2 protein chains.
Amino acid sequence: MGTYHQYCATARTLDLIGERWTLLIIRELLTGPRRFGDFQQSLRGLGTGLLAARLKHLEQEGLVHKVTLPAPARTPAYALTEAGEELAPAVLALARWGMKWALGERRDGELFHPGWAVLGLRACFNAEAAEGVRATYEFRVDGEVFHARVSDGAIDTVHGPAQYPDAVIETDSDTFLKVSAGKVQLADQIHEGAVTATGDPATIARLQSLFRLPTPRSRIPQ
Amino acid sequence: MGTYHQYCATARTLDLIGERWTLLIIRELLTGPRRFGDFQQSLRGLGTGLLAARLKHLEQEGLVHKVTLPAPARTPAYALTEAGEELAPAVLALARWGMKWALGERRDGELFHPGWAVLGLRACFNAEAAEGVRATYEFRVDGEVFHARVSDGAIDTVHGPAQYPDAVIETDSDTFLKVSAGKVQLADQIHEGAVTATGDPATIARLQSLFRLPTPRSRIPQ
DNA sequence: CGGCATCCATTTTGATACTG
DNA sequence: CAGTATCAAAATGGATGCCG
């Protein structure tokens with residue numbers, strides 16, 4: 001359909017990343033490099049042809065570049081460039097809005113990946129509350145592993161295990177969602193056995209205080 | 001095309017406002033209510049049918065509501081609801097990214113409206129630099145009138161004239177763009193007669209210091 | 001002028017089969 | 001697995017024309 005033909009920063013941005021699926025591809029990459037198949041697993045409904053086209057476009061436009069992961073995986077992967085990485089504030093702003101005005105309850109047939117909630121944590125990160133805090137949390141949710149590095153007012157959330165985690169949080173998707181949404185307290189879930197937490201107790205106890213969750217609201221009058 | 005069927009704040013947001021033109025409709029409304037015809041003038045390429053459909057969708061979803069403007073205009077208009085208004089941080093984040101990574105020079109055939117640059121100012125507003133500042137600026141650019149109310153670290157940019165402007169800046173699109181982009185100094189343009197500024201001299205002199213423009217970068221390697 | 005309905009050429013998409 | 005090829009269904013864009 002082409003561009004909007006407007007000399008406007010917003011319109012030009014949407015010319016680049018406004019097409020269907022594009023911003024979700026970038027969301028995936030915000031927690032680290034992904035292979036072709038990873039996208040297919042996270043983005044149900046996105047066909048291989050369109051995925052290949054989107055990746056090629058993002059590569060041409062300098063938002064994504066191909067990388068070869070170390071270790072066992074010999075298959076190519078995709079990662080964000082500096083320009084792509086800097087879309088994070090925009091994506092997180094959309095996520096914050098969604099948490100407040102659009103998320104609500106999980107609907108029938110909706111896919112869920114723990115990585116999305118981890119990105120949600122980043123969106124809710126409270127820099128002031130994290131002042132002076134330096135800790136690495138590893139999350140293991142239904143087999144998916146993520147970690148968050150909190151370092152004096154900044155947070156980074158990445159796919160994969162941490163090298164030296166100060167605390168490891170292990171649970172299932174359901175419980176992780178309920179804790180992330182603030183519906184239940186982490187400490188209670190640990191006590192009930194729904195969450196296994198190992199590592200420094202003070203670090204674990206501080207975890208929930210690092211985030212300020214938005215209060216969900218209804219968009220529809222009354 | 002339907003939703004993404006993902007339980008994720010970003011995906012849910014895109015379900016609502018991710019379709020073509022939708023975010024640009026919201027961008028227009030971020031500087032005040034608009035009538036049907038206003039959109040048609042700003043959003044070239046968007047047909048009446050699609051525009052009507054988008055507006056109806058946004059209304060149903062509680063992001064936009066119909067209003068009847070006072071005074072002479074008896075025709076209906078559209079305005080953002082609270083939920084719609086709160087999309088501003090996301091739109092401004094996209095705009096900031098675009099200013100740095102996507103805007104560059106104006107291309108052939110690209111439309112431009114002064115209101116977009118005014119919104120750009122809001123995106124570049126430097127709250128720290130504006131601490132303690134309280135002033136209303138009115139901009140008249142090629143017949144379009146906007147005003148910005150700066151009030152102690154916050155800014156609001158609205159379509160239409162200001163009631164009690166402390167300063168009035170009048171110029172043409174070209175000059176306004178060059179000043180907004182930081183390519184030329186406001187004071188110089190006033191001196192050269194390309195800009196007419198009336199009102200409190202100190203307020204006028206402070207104007208450019210209230211914004212921190214991003215340095216444009218190239219996305220494509222070297 | 002606002003706003004909807006209709007028709008049609010062109011793109012985009014979704015889904016699947018297929019190749020290296 | 002990564003990525004291409006193919007095809008049916010849907011969305012877009014543009015040009016109307018119509019009604020209040």
Side-chain angles (χ1 to χ4, degrees), chain A residues 1-6 11 14-25 28-29 33-61 64-79 109-111 159, chain B residues 1-6 11 14-25 28-29 32-61 64-79 109-111:
Chain A
M1 248 158 304
T3 78
Y4 288 110
H5 296 292
Q6 296 184 359
L14 292 174
D15 284 343
L16 285 170
I17 51 91
E19 290 171 291
R20 191 162 164 82
W21 294 110
T22 301
L23 224 35
L24 295 187
I25 290 172
E28 293 301 306
L29 292 173
R34 294 296 155 93
R35 285 164 297 156
F36 197 90
D38 297 332
F39 289 114
Q40 293 219 275
Q41 199 163 22
S42 310
L43 306 177
R44 246 190 270 155
L46 170 57
T48 60
L50 198 50
L51 174 56
R54 290 287 187 267
L55 289 170
K56 188 169 294 185
H57 174 244
L58 288 172
E59 212 179 331
Q60 279 181 340
E61 293 296 348
V64 159
H65 66 276
K66 227 177 252 189
V67 296
T68 38
L69 293 185
R74 181 159 252 63
T75 57
Y78 298 87
E110 270 185 340
L111 204 61
H159 194 243
Chain B
M1 246 161 305
T3 77
Y4 289 112
H5 296 292
Q6 297 184 358
L14 293 175
D15 284 343
L16 286 170
I17 52 92
E19 290 171 290
R20 188 160 168 85
W21 294 110
T22 302
L23 223 34
L24 295 188
I25 290 171
E28 293 299 309
L29 293 173
R34 295 297 156 95
R35 286 163 297 156
F36 197 89
D38 297 332
F39 290 115
Q40 292 218 277
Q41 198 163 23
S42 308
L43 305 177
R44 252 201 256 160
L46 170 57
T48 62
L50 200 50
L51 174 56
R54 292 284 188 268
L55 288 171
K56 186 169 293 185
H57 174 244
L58 288 172
E59 212 179 333
Q60 278 182 342
E61 294 296 348
V64 159
H65 67 277
K66 228 177 252 189
V67 296
T68 38
L69 293 185
R74 179 162 251 65
T75 57
Y78 299 87
E110 270 185 340
L111 204 60

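Within every chain, numbering begins at 1; the chains are lettered A, B, ... in the order of the sequence lines, protein sequences first and strands thereafter. Given the structure is predicted, the values throughout are model-derived calculations rather than measurements.
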Legend entry - Sugar-phosphate, base or nothing in reach of B/Phe39, heavy atoms under 4.0 Å: nothing

Roughly how many Å is it from [atom1] in [X] to [atom2] in [N], rounded to a whole number?
| X | N | atom1 | atom2 | result |
| --- | --- | --- | --- | --- |
| B/Ile25 | C/dG3 | CD1 | P | 12 Å |
| A/Gln40 | D/dC1 | CD | C1' | 9 Å |
| B/Arg35 | C/dC1 | CZ | P | 10 Å |
| B/Leu55 | C/dC4 | CG | P | 9 Å |
| A/Lys66 | D/dA2 | NZ | C1' | 9 Å |
| B/Glu59 | C/dG3 | CD | C1' | 12 Å |

Inset, instruction - Measure from the side-chain N and O atoms of B/Tyr4 to the backbone N and O of A/Gly45, and report whether any donor-acceptor pair falls under 3.5 Å. - result: no

Please name all residues satisfying salt bridge (Lys or Arg N to Asp or Glu O under 4.0 Å) with [X], sequence neighbours left out, ordered by chain then number.
| X | result |
| --- | --- |
| B/Arg44 | none |
| A/Arg54 | A/Glu19 |
| A/Asp15 | none |

Inset, instruction - Ignoring backbone atoms, test whether B/Lys56 places a side-chain nitrogen or oxygen under 4.0 Å from the OP1 or OP2 oxygen of C/dC4. - result: yes

Inset, instruction - Indicate whether OP1 or OP2 belonging to C/dT13 is found under 4.0 Å from a side-chain N or O atom of B/Tyr4. - result: no

Inset, instruction - For nucleotides 11-20 of chain D, just jot down a letter per nucleotide in 5' to 3' order: B, S or -, based on protein non-hydrogen atoms under 4.0 Å. - result: SSSS------

Legend entry - By side-chain hydrogen bond (donor to acceptor under 3.5 Å, both in side chains) - contacts of A/Arg34 (at least two apart): A/Glu28, A/Thr31

Inset, instruction - Tell me, please, which residues at least two apart from B/Glu110 pass side-chain hydrogen bond (donor to acceptor under 3.5 Å, both in side chains). - result: A/Arg12

